[in-house]
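The structure appears right after this line, and notes come after that.
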Amino acid sequence: MTKFNSLGLSDPILKALDHMGFEETTPIQEQTIPLGMEGHDVIGQAQTGTGKTAAFGIPMIEKVDKQVRGVQGLVIAPTRELAIQVAEELNRLGKNAGVRSLPVYGGSNMERQIRALKNNEIVVATPGRLLDHIRRKTIKLEQVHTSVLDEADEMLNMGFIEDIRDILKALPTERQTLLFSATMPKEIRDIATTLMNTPKEVKTKSKEMTVSNIDQYYVEIAEKHKFDALTRLLDIHAPDLAIVFGRTKRRVDEVADALQVRGFRAEGIHGDLTQGKRMSVLKKFKEGRIEILVATDVAARGLDISDVTHVYNFDIPQDPESYVHRIGRTGRAGRKGESISFVTPREKDQLNLIEKLTKKKVDKLRVPSYKEAQKGQQDIAVTKLTEKMDADDINDYKQSARDLMDQYEAQDLVAAALKMLTVERQETPVRLSSVQPISTRNAKGAKGGRSNRGGGGQGRNSQRGNSNKRPYNKGGNKGRSKNFNQNNKGK
DNA sequence: AAAAAAG
């Protein structure tokens, strides 16, 4: 076990670490902090929840010169919430050193942000807003000595790579670049190395990609039975905090609504909500005012919410990397966690792919019956009731209890109390918007060269016959064809 | 095909 105080860190940093309750390094920190301090470019890969932020944050803060004005350290993150979280952690680490970190993301006030940029040595940004600042020339980047791509494989993925290239072009060439993620597919790592200066690669050795303190399960289930299965599992597991991942924004809304109807404290989060709503939902979740967060992949990466005990993949994720990150929202900092993935029969291949990447077997779980779910709720109620006796002062209630016992059977009283601690779930049918099965995507089409351009691709698609609920035909398709052109003009 | 990210 290596301690932070053996790494040659400055006093203010050590003091901050001490204040945060950190004494020993995690493996990724032990290996990358010295490299970072020596000025090397680094590609760091380590499991979720093992302290990557401090691994790059500490060397970055150590290198800040308070005499210099302008941004000196730049971190780029894939979501706004993650940018905020990383900036918070860097601020804690930099507190005693007087090094300040600013989250910079879309949806926040521009004028205020521009003013704040002058007072912060480190910026943690999402790509869109950062580029906005670069183009308006409202950010000073000539002094950047350290740049970090957090969730690097995601940042170098198709949706982000062009933005990232543009951003890196705006930075001094003489600088240090650090890349961190839990996952790093080969193709992406190759791209990464072209952007770096003979990087040192650090992979914390552990054969599995997921941490061992997460128990992973799946249930094989038809689409239309998913929702009932989810509520039954929730009743049996009684998670402290759970995240339910859905494949689309619409599904997230629908599942969150349906959970509320059944009496769960749940809310949805996805990229179509206002930033204010996104933040308030997340805050509620962290404070335990809601127990279930229903989310798109906006919440898949990086978010560190310590008490998440369960992750449900209501829809199995598109790629195995996404799976690793999603389930990594639980089992953080050494705690126990559980993940349950819903797999339709035709998605079994996808599960095999996941097992191959993570080198871990995912165990099958039977879908519980309605009765078992009721029993589950009751067991939880019993626990709650008995814990109440141990944990709380219930003396003020004892006179009422005595009065009641004069009138009624003790068994009836307790039964009634237990019933009050459970919720009756009406399993009425829930209509959810359909999801496109994953199996249709790898099978064809995705060969680099020709993306199906202008309506021409239609003929070919028609052979697919995978789904008859997607009318694209020229016939009964009132004025919808323009969607095609818009969708295809991506590049 | 989805999601994220500027306004």
Side-chain angles (χ1 to χ4, degrees), chain A residues 75-85 103-111 113-114 124-139 149-167 170 181 243 245-255 268-275 278 282 294-303 313-323 325-326 347 350 433-446 451-452 457-458 460-461 464 466-467 469-470 472 483-484 486-491:
Chain A
V75 182
I76 309 172
T79 66
R80 297 168 179 180
E81 286 75 15
L82 186 55
I84 293 167
Q85 175 188 296
V104 165
Y105 52 89
S108 64
N109 181 284
M110 196 58 167
E111 271 66 47
Q113 202 164 72
I114 290 171
V124 187
T126 49
R129 178 56 76 88
L130 177 58
L131 276 172
D132 202 359
H133 281 294
I134 290 173
R135 289 174 186 139
R136 294 172 185 229
K137 303 195 191 306
T138 46
I139 190 169
L149 298 190
D150 199 7
E151 304 297 339
D153 59 327
E154 175 73 353
M155 304 313 299
L156 297 175
N157 227 325
M158 293 219 303
F160 278 121
I161 179 75
E162 287 314 317
D163 284 355
I164 298 302
R165 287 189 197 282
D166 287 346
I167 290 168
S181 183
I243 304 181
F245 284 103
R247 192 171 301 155
T248 66
K249 294 179 263 204
R250 217 166 112 195
R251 297 257 295 174
V252 163
D253 285 336
E254 290 165 351
V255 171
I269 189 167
H270 58 66
D272 273 359
L273 304 179
T274 65
Q275 191 53 33
R278 282 166 65 162
L282 203 59
V294 189
T296 59
D297 275 335
V298 71
R301 282 178 179 258
L303 292 192
N313 285 311
F314 192 77
D315 301 311
I316 195 151
Q318 307 283 357
D319 47 47
E321 284 80 20
S322 171
Y323 175 89
H325 290 281
R326 284 181 178 188
E347 290 169 342
Q350 185 68 7
S433 60
S434 68
V435 287
Q436 204 68 1
I438 301 168
S439 50
T440 60
R441 124 192 126 113
N442 290 335
K444 74 198 87 216
S451 55
N452 47 335
Q458 292 188 7
R460 208 166 334 149
N461 284 340
R464 285 308 159 190
N466 48 30
S467 157
K469 28 187 133 144
R470 271 270 296 264
Y472 61 84
N483 287 342
F484 272 91
Q486 290 182 342
N487 288 343
N488 285 341
K489 92 174 205 185
K491 60 200 36 140

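The figures that follow rest on heavy atoms only: side chains count, while hydrogens, waters and symmetry mates do not. Letters A, B, ... mirror the listed sequences (proteins, then strands); counts begin at 1. Only a predicted model underlies this, so the values are computations on that prediction, with no experimental measurement involved.
- Judged as a salt bridge (charged side-chain N to carboxylate O under 4.0 Å, His left out), and not counting sequence neighbours, the contacts of Asp132(A) are Arg136(A).
- Closest approach to the Arg129(A) side chain among dA1(B), dA5(B), dG7(B) is made by dG7(B) (side chain taken as heavy atoms from C-beta onward).
- In this structure, the nucleotide among dA6(B), dA3(B), dA4(B) sitting nearest to the side chain of Asp132(A) is dA6(B).
- Look at CD on Glu154(A): it is 11 Å from P on dA4(B), rounded to the nearest Å.
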Take Glu154(A) and His325(A), measure what side-chain hydrogen bond (donor to acceptor under 3.5 Å, both in side chains) needs, and give me the verdict at the end.
CA-CA 11 Å; Glu154(A) 175 73 353; His325(A) 290 281; over 6 Å; no

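- Contact annotation for Gly106(A): backbone-only contact, meaning every heavy-atom pair under 4.0 Å involves sugar-phosphate atoms and none involves a base.
- Put simply, CD1 on Ile114(A) is 14 Å from P on dA6(B), counting in whole angstrom units.
- Panel note: side chain Gln85(A), backbone Gly302(A); a donor-acceptor pair is recorded below 3.5 Å.
- Rounded to an integer number of Å, the gap from Arg278(A) CZ to dA3(B) C1' is 11 Å.
- Look at CD1 on Ile167(A): it is 10 Å from C1' on dA5(B), rounded to the nearest Å.
- The side chain of Arg80(A) contributes an N or O atom lying less than 4.0 Å from OP1 or OP2 of dA5(B).
- Of the N and O atoms on the side chains of Ser433(A) and Glu254(A), at least one donor lies less than 3.5 Å from an acceptor on the other residue.
- Atom CG of Leu130(A) is separated from atom C1' of dG7(B) by 16 Å (rounded to the nearest Å).
- Computed from coordinates, the Phe160(A) CZ to dA5(B) P distance equals 7 Å when rounded to whole Å.
- If you take CZ of Arg165(A) and P of dA5(B), they are 21 Å apart, rounded to a whole angstrom.
- With rounding to whole Å, Asp297(A) atom CG is found 13 Å from dA2(B) atom P.
- Within the 4.0 angstrom heavy-atom criterion, no nucleotide atom of any strand lies near Arg251(A).
- In terms of heavy-atom proximity, Pro103(A) sits nearest to Ala83(A) at CB-O, 4.0 Å.
- Residue Thr126(A) places no side-chain N or O under 4.0 Å from the OP1 or OP2 atom of dA4(B).
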